[in-house]
Amino acid sequence: MVENQPIVAMRGISKRFGGVVALSHVDLEAYAGEVLAIVGDNGAGKSTLIKILTGVYQPTEGSIELDGKPFSMASHSDAIENGIDAVYQNLAIADHLTPAENLFLGAELTKKVFGFQALDNKLMKSEATRVLKDRLGVQLKSMDVATESLSGGQRQAVAIARAVRHDDLRVLVMDEPTAALGPQETARTLELIKVLKQQGLAIIVISHSLDDVFEISDRIHVQRRGQCAGVVKTADTTNEEVLGLIVGTRTAA
Ligand SMILES: Nc1ncnc2c1ncn2[C@@H]1O[C@H](COP(=O)(O)OP(=O)(O)O)[C@@H](O)[C@H]1O
Ligand SMILES: [Mg+2]
């Protein structure tokens, strides 16, 4: 069930980098329990849009609303504190660390040992195991391995688990989550997205694969040359129509 009020809404967002207009007056809304796909050619402004949504960039113009109220996001940690997080294209996973170390990278759990703060590796491992299993249905053969030894899909799960380990996460943004994956790993990642949607998250996925987009999304936001060329319901559109919006041979109804 999709609620009427979006969790988060971007209104009239523009972004300029010097003379480059990366975004021009773009609106976007994300709803609980919904997958919104963002598609568009290279340079269309997809990544910039979601970097603004996750507090990485500040918009030049426009505003963001959270639960219908104006919300100013000064930094990426502001976004995370307010339940918005992202899994990036270049996974930002430290290959030599274990899955648990990656999940808690920069936010390590500690315990007091003889009055000193020490890493609580046992707790981090059990928490990581729990998040992977309960939230994503993923069980690794061993948690005591370097993350680089895992398959692409498992590494993806670790990256996603890092975001969803925050129980108050409400909006998960993914920039090209299947770009570097083979067909089997892609299928697994799409399954993970469906599982998270069922848990009520709002999911925003940037993808170049219209097959993936049609399989998982409820709505499709088409970016073209910095502008939104249209937002269509996946069930009511076709591959051809979306391609037309991407290349500009069609305009939104
Ligand atoms: N940090 C930056 N500095 C300057 N220009 C940028 C920066 N990031 C993006 N751009 C430009 O903004 C436009 C949109 O880029 P981007 O959002 O990465 O597009 P997409 O993700 O759709 O490929 C492009 O013209 C790109 O070159
Ligand atoms: Mg991009």
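First listed ligand is number 1; within each ligand, the first listed atom is number 1.
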* Under a 4.0 Å N-O cut-off, is there an ion pair linking Arg11 with Glu29? -> yes
* **Amino acids in close contact with ligand 1, where any non-hydrogen atom sits under 4.0 angstrom away** => Phe17, Val20, Ala22, Asp41, Asn42, Gly43, Ala44, Gly45, Lys46, Ser47, Thr48, Tyr57
* Ionic contact status for Arg165 with Asp85, cut-off 4.0 Å -> no
* Strictly under 2.8 Å, is any N, O or S atom of Asn42 next to the Mg ion (ligand 2)? -> no
* Asp218/Lys197 ion pair, N-O < 4.0 Å -> yes
* **Residues Lys194, Glu215: salt bridge by 4.0 Å N-O rule** => yes
* Arg188/Glu191 salt bridge by N-O under 4.0 Å criterion -> no
* To do: Look at the side chain of Gln156 and the backbone N and O of Pro177, then say whether any donor-acceptor pair between them is shorter than 3.5 Å.
  => yes
